[in-house]
Amino acid sequence: MKAQARTVLITGGAGFIGSNLIMCLLKSTDWQVIHLDALTYAGNLEGWGECFPHERHQLIRGCVTDAALVRQLLQDHQPQAIIHLAAESHVDRSIDGPAVFVRTNVTGTAHLLEQALHYWQHLPDDKKCRFRFLHLSTDEVYGSLSPDDAPFSENTRYAPRSPYSATKAAADHLVGAWHHTYGFPSIIAHASNNYGPRQFPEKLIPLAILKMLRGETIPLYGDGSQIRDWLHVHDHCRALLEILERGEVGARYLIGSGRETRNRELLRMLCALMDEQSPRADGLPHETAICMVTDRPGHDHRYAIDSSRLRDQLGWQPEITLEQGLRDTVDWYLTHGPWWEEILQQRYTMERLGRSR
Ligand code: NAD
Ligand code: TDX
């Protein structure tokens, strides 16, 4: 079903998930995208193909904490929806420097909500009832599961354990409070670990691929027994569009593939794909480069997601298996490896990627 034309304000659209989402929106709908992004190290304006520049995609460089700018954008563009993705998103960085996480994830969300509420309250009734604020949270706000625990569901109590997840939880509580207190039409989406094209190579999968391409060791934290539920970004974007179109106001939706995988198993799968597609010059398997390093402090052991609400209410299903998704992701990074190296050199050195403690 083709979505009706509308204007949507997207924050953080130059990052990994945001750029995939905007490309998906521009290709599958006729919506206008107003895109607010501070263009931090994680924001990237290259390699968008026909999607940037694009006549229906307008980028405004600015920070979500800038209330005057947000007010002006809302007034000028009169969006029918806001999708809030802007965040500091990397757990290791939050351990090394939490302050910016509080600023962007908590204060930024509070400023955005304040402006969005004012804007929404002054809309005419017909537009007011159609307006939506879709907030991207994470599965990490629910803490860490033991091996026998049931997967996280919408009813799981919050128990964030890293500075990153604590700031995301705080943001979620603000969104929930806006809905409860003012009737603000928000929806919260909690996705599991995403992977796919355009992910900044500080996260496990792209980091490991680039390390292999460089002939460097691949850091595996602790004993590698931690478990994640890997979700292809394409399946996440499909879920977000369904939730925006048909999701229940005030609800939260958990989005996961259901495919739980230990980190050491995931790295083995990646190494095997790289052996096929980009074998090492010395003929050794890439797996020999996996190196156990000191664990992440407070490392969450297991995340697992029960997506039944999304599946039952909105009929969503993941389309991409982990095997196929990893293969496509390896292909993408093999094509774009030199491109990333250039970006990394411009703003960041590879030595700072991957903890080697
Ligand atoms: P990312 O780090 O790749 O991108 C973040 C984007 O936000 C960048 O474009 C950056 O420039 C922008 N940004 C950062 N601070 C900003 C500010 N103060 N004002 C405006 N823009 C700012 O993040 P991602 O992986 O694409 O994640 C997007 C959202 O999804 C985040 O809210 C994250 O918490 C959530 N999430 C991510 C995952 C995942 O696996 N990556 C899983 C679940 C939820
Ligand atoms: O070098 C590494 N070695 C390693 O063993 C890195 C970078 C990670 N790891 C481990 C830590 C985790 O158990 O791999 C797992 C995945 O790590 P990340 O890619 O850093 O993701 P994670 O910490 O699980 O968080 C991600 O998923 C939820 C995203 O970064 C968050 O933004 C999202 O909310």
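As the structure lists them, so they are numbered: ligands from 1, and atoms in each ligand from 1. These values consider heavy atoms only, across backbone and side chains, with no hydrogens, waters or symmetry-generated copies.
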Just by modelled atom types, is the Thr65 backbone N or O under 3.5 Å from a matching donor or acceptor in the Arg103 side chain? no
Side-chain heavy atoms of Glu88 within contact of Ser94, under 4.5 Å: no
Near Val91 (heavy-atom distance under 4.0 Å), the atoms of ligand 2 are 23 (O)
Less than 4.0 Å is my threshold; does some heavy atom of Ser137 fall inside it relative to ligand 1? yes
Proximal ligand 2 atoms for Pro219, defined as those under 4.0 Å from one of its heavy atoms: 1 (O), 2 (C), 3 (N), 4 (C), 5 (O)
Please work out which of the three classes, parallel, tilted or perpendicular, describes the rings of Phe131 and Phe184, given edges at 30° and 60°. tilted
Need the ligand 2 atom indices (1-based, order shown) with element for anything under 4.0 Å from a heavy-atom of Leu220. 5 (O)
Polar-atom distance check: Ser89 versus ligand 2, any N or O pair below 3.5 Å? yes
Under a 4.0 angstrom heavy-atom cut-off, which atoms of ligand 2 come close to Leu207? 1 (O)
Is the Phe101 ring parallel, tilted or perpendicular to the Tyr164 ring (thresholds 30°, 60°)? perpendicular
Provide the number and element of each atom of ligand 2 under 4.0 Å from a heavy atom of Glu140. 22 (P), 23 (O), 24 (O), 25 (O), 26 (C), 27 (O), 28 (C), 31 (C), 33 (C), 34 (O)
Is there a salt bridge (charged side-chain N to carboxylate O under 4.0 Å, His left out) between Glu276 and Arg327 once you walk through the steps? CA-CA 10 Å; Glu276 267 179 41; Arg327 186 172 285 280; 3.0 Å; yes
Counting from 1, what ligand 1 atoms have a heavy atom of Tyr164 closer than 4.0 Å? 33 (C), 34 (O)
Mutual orientation of the aromatic rings belonging to Tyr158 and His173 [parallel < 30°, tilted 30-60°, perpendicular > 60°]: tilted
A student comparing Lys211, Arg296, Met292, Lys203 should find that the heavy atom closest to atom 23 (O) of ligand 2 comes from Arg296
Strictly distance-based, threshold 3.5 Å: is any side-chain N or O of Arg132 a donor or acceptor partner for the main-chain N or O of Ala81? no
Looking at Arg311 and Gln317, would you say the former's side chain and the latter's main chain have a donor-acceptor pair under 3.5 Å? no
May I ask you to list the atoms of ligand 1 that are less than 4.0 angstrom from any heavy atom of Ala86? 7 (O), 20 (C), 21 (N), 22 (C)
What is the nearest protein non-hydrogen atom to atom 32 (O) of ligand 1, stated with its residue, atom name and distance? Lys168 NZ, 2.7 Å
How are the rings of His57 and Trp48 set to each other: parallel, tilted or perpendicular (split at 30° and 60°)? tilted
So if I count the atoms of ligand 1 from 1 in the order they appear, which ones are less than 4.0 Å from some heavy atom of Ala87? 5 (C), 7 (O), 14 (C), 31 (C), 32 (O)
Identify the protein heavy atom lying closest to atom 6 (C) of ligand 1, giving its residue, its atom name and the separation to 0.1 Å. Gly12 O, 3.6 Å
Which heavy atom of the protein is the closest neighbour of atom 40 (O) of ligand 1, given with residue, atom name and distance? Asn194 N, 2.9 Å
Is the contact between Thr40 and ligand 1 made by the side chain, the backbone, both, or neither, using heavy atoms and a 4.0 Å cut-off? both
Give the atom numbers and elements of ligand 2 that come within less than 4.0 Å of a heavy atom of Glu202. 7 (C)
Below the 3.5 angstrom mark, is there an N/O of Phe16, backbone or side chain, next to an N/O of ligand 1? yes
Below 4.0 angstrom from a heavy atom of Tyr164, which ligand 2 atoms are there? Numbered from 1 as shown, please. 31 (C), 32 (O), 33 (C), 34 (O)
Shortest non-hydrogen contact from Ala38 toward Arg61: O-NE, 3.5 Å
Could you label the plane-to-plane angle of the His122 and His118 rings as parallel, tilted or perpendicular, counting under 30° as parallel and over 60° as perpendicular? tilted
Do any N/O atoms on His299 end up under 3.5 angstrom from N/O atoms on ligand 2? yes
Could you check atom 21 (N) of ligand 1 against the protein and tell me its nearest heavy-atom contact, residue, atom and distance included? Ala38 N, 3.1 Å
For Leu39, the ligand 1 atoms with a heavy-atom partner under 4.0 Å come out as 11 (O)
Does Asp229 use its side chain to pair, donor to acceptor, with the backbone of Gly258 at less than 3.5 Å? yes
How far is atom 27 (O) of ligand 1 from the closest protein heavy atom, and which atom is that? Ile17 CD1, 3.8 Å
Is there a donor in the side chain of Tyr253 and an acceptor in the side chain of Gln313, or the other way round, less than 3.5 Å apart? yes
Arg228 N/O under 3.5 Å from ligand 2 N/O: yes
Taking the six-membered ring for Trp, are the ring centroids of His336 and Trp332 within less than 6.0 Å of each other? yes
Within the 4.0 Å heavy-atom shell around His90, which atoms of ligand 2 are there? 20 (O)
Against ligand 1, does Gly108 come closer than 4.0 Å with any heavy atom? no
How far is atom 11 (O) of ligand 1 from its nearest protein heavy atom, and which residue and atom name does that atom have? Asp37 OD1, 2.6 Å
Could you establish whether Leu85 and ligand 1 come within less than 4.0 Å of each other, counting only heavy atoms on the residue side? yes
Between His234 and Asn20: side-chain donor-acceptor atoms closer than 3.5 Å: no
With a cutoff of 4.0 Å, is Ser192 in contact with ligand 1, counting heavy atoms of the residue only? yes
Can you tell me if Asp125 has over 12 outside heavy atoms packed within less than 6.0 Å of its CG? no
With a 4.0 Å cut-off on N to O distance, would you call Asp235 and Arg238 a salt bridge? yes
Any N or O of Leu204 closer than 3.5 Å to N or O of ligand 2: yes
Whether the Gln121 and Tyr182 side chains hold a donor-acceptor pair (N or O, under 3.5 Å, no angle test) is what I'd like checked. no
Assess Gly62 for proximity to ligand 1: is some non-hydrogen atom of it under 4.0 Å away? yes
Using modelled atom types and a 3.5 Å cut-off, is there a donor and acceptor pairing between side-chain atoms of Thr11 and backbone atoms of Ala86? yes
Give the residue, atom name and distance (to 0.1 Å) of the protein heavy atom nearest atom 1 (P) of ligand 1. Ser89 OG, 3.6 Å
Within 45 degrees of the axis of the six-membered ring of Tyr303 and under 6.0 Å from its centre: does Arg228 put its NZ or CZ there? yes
Between ligand 1 and Thr65, can you find any atom pair, the residue atom being a heavy atom, that is separated by under 4.0 Å? no
Any heavy atom of Tyr195 closer to ligand 1 than 4.0 angstrom? no
Please indicate whether any nitrogen or oxygen in Tyr221 is less than 3.5 Å from any nitrogen or oxygen in ligand 2. yes
Under 4.0 Å, heavy atoms only, figure out whether ligand 1 is touched by the backbone of Phe101, its side chain, both or neither. neither
Need the ligand 1 atom indices (1-based, order shown) with element for anything under 4.0 Å from a heavy-atom of Gly43. 8 (C), 9 (O), 11 (O)
Ranked by distance from atom 19 (N) of ligand 1, the top protein heavy atom is Val64 N, 3.0 Å
When only distance counts, is Leu36 in polar contact with ligand 1, meaning an N/O pair under 3.5 Å? no
Any N/O pair Asp92/ligand 2 closer than 3.5 Å: no
Is there a side-chain contact between Phe133 and Leu113 (heavy atoms, below 4.5 Å)? yes
